[in-house]
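Computed from a predicted structure; not experimentally measured. Any value given below was found using the heavy atoms of this structure, including those in side chains, with hydrogens, waters and symmetry copies removed. In what follows, chains are A, B, ... by sequence order, proteins preceding strands, each numbered from 1.
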Amino acid sequence: MIEILLFAQLQEEAGTDNITMDLSNVTVKKLKEQLQNTYGFQQIKESMIAVNESYALDDDIIKAGDTVAIIPPVSGG
Amino acid sequence: MIEILLFAQLQEEAGTDNITMDLSNVTVKKLKEQLQNTYGFQQIKESMIAVNESYALDDDIIKAGDTVAIIPPVSGG
Amino acid sequence: MEQKLFEIVEEPIAIELIIKKVEDRNAGAITTFIGTVRELTAEKRTIYLEYQAYKPMAEKMLAKIGEEIIQKWEGTKVAITHRIGSLDILEVAVVIAVSSPHRKAAYQANEYAIERIKQIVPIWKKEQWDDGEAWIGDQLENVRYPNAKPDIKDETND
Amino acid sequence: MEQKLFEIVEEPIAIELIIKKVEDRNAGAITTFIGTVRELTAEKRTIYLEYQAYKPMAEKMLAKIGEEIIQKWEGTKVAITHRIGSLDILEVAVVIAVSSPHRKAAYQANEYAIERIKQIVPIWKKEQWDDGEAWIGDQLENVRYPNAKPDIKDETND
């Protein structure tokens, strides 16, 4: 089970600030595909995935208990 | 008669913040020469002359009643 | 007197307190960048802005920017505070303060900080216009996370 | 509420008041430069500084720098206050605030202002070291008034 934090546009689309997916030991790339297939978020392709508050690359592995977040294009400042 | 304001190093050298010279309708260049000859200020060559609170060029004419100042290299900021 | 140099806050930012954080007896120059809410962007009129952050990660990324700066410009000190929540026109969204022995570095490092904030810090802005609203993304008008990949890789190796 | 945008003062400078002077509903960026008294320059230890100004001309030259900036960077607002008298380490000698719709201009215009101050504003600094004192001149380490001749000529033609 992986809990995934949502922000901004994605949070509004989903109507919640977090979702849970029944996965573990998947790559970031795989997770993005699953999110795309299951939720159809508009911004998945242009988003980054953060694992434990750091940006992750496509090949990084997500383990159970990791804190995962979808980071759509940022606009602070 | 021209009154000339002195600042910084020049003021300390002269021991006063203004001097008066018995001149009128002289060029800035001429004034600088007179100042050099009369007072021997170390910094005259590297100083600018301000007339009525604006920088003046060598050929500008100083008239009676003008406010004249010697501006040694500045160091504000 | 514990001070957080890199902070996400919900209250108005006291600019002078951020400046105080970078004061240094051997710094002759302090630069600040103050990002305020602007009314007009292109032809659209903003009523107010809403900022949201992934707070723990945002503070971590701000601190990362601070570390990058200290590596690049020796002798600098950096403090950054970003406000989130609802902000009116003229209100201050972000304050970046950089001190340095030399002014050139203080300007360069400060500008670097705001550019990096717009690349890697998970904060999002929702514009409330007089005719609608939208979350703003990719305001750099570039491809996603430009030049950020190497840094992201560093990050995962921490 | 009459405000002087370009001012020579003898009292401590309230930084936030200078920033307030350039606030603008259409400015998204405000940069400030804060020049503070530094303890160590090269290997010399400063005890305190003394600044002297030709006050009316100095304010006029600060205003001239403001005009130059508004010509060069459209939509900017500028305020500059320089303090004179005796200043201790860490005290603020000068504050330059520039607001602009766009941040790039706010940085560039601000840096331009401090460079011009060091060229044309009649203010002088006397260093009090632990082993002596001296009026400082030509701190740009350049030839006298670099590139300033054309502006000076403009000035005399005002």
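The 12-atom threshold is not exceeded at NZ of D:Lys20, counting heavy atoms of other residues, nucleotides or ligands nearer than 6.0 Å. For CD of D:Gln128, the number of neighbouring non-hydrogen atoms (other residues, nucleotides, ligands) closer than 6.0 Å is greater than 12.
Of residues 83-101 of chain D, those residues lying under 4.5 Å from chain C by any heavy-atom pair are D:Ile89, D:Leu90, D:Pro101. Heavy-atom neighbours of chain C within the stretch residues 104-111 of chain D, taken at a separation under 4.5 angstrom, comprise D:Lys104, D:Tyr107, D:Asn110, D:Glu111.
Your options are C:Thr46, C:Asn26, C:Leu40, C:Asp24, and the one with the most heavy-atom pairs under 4.5 Å with chain D is C:Asn26. Counting heavy-atom pairs closer than 4.5 Å to chain D, the top-ranked of the candidates C:Ile19, C:Val37, C:Thr32 is C:Thr32.
The heavy-atom pair separating C:Glu16 from D:Ile15 by the smallest distance is OE2-N, 3.4 Å.
The shortest side-chain heavy-atom distance between C:Arg103 and D:Ile114 falls under the 4.5 Å cut-off.
Under the 3.5 Å distance criterion, the side-chain polar atoms of D:Thr31 are left unmatched by any main-chain donor or acceptor of C:Ile34.
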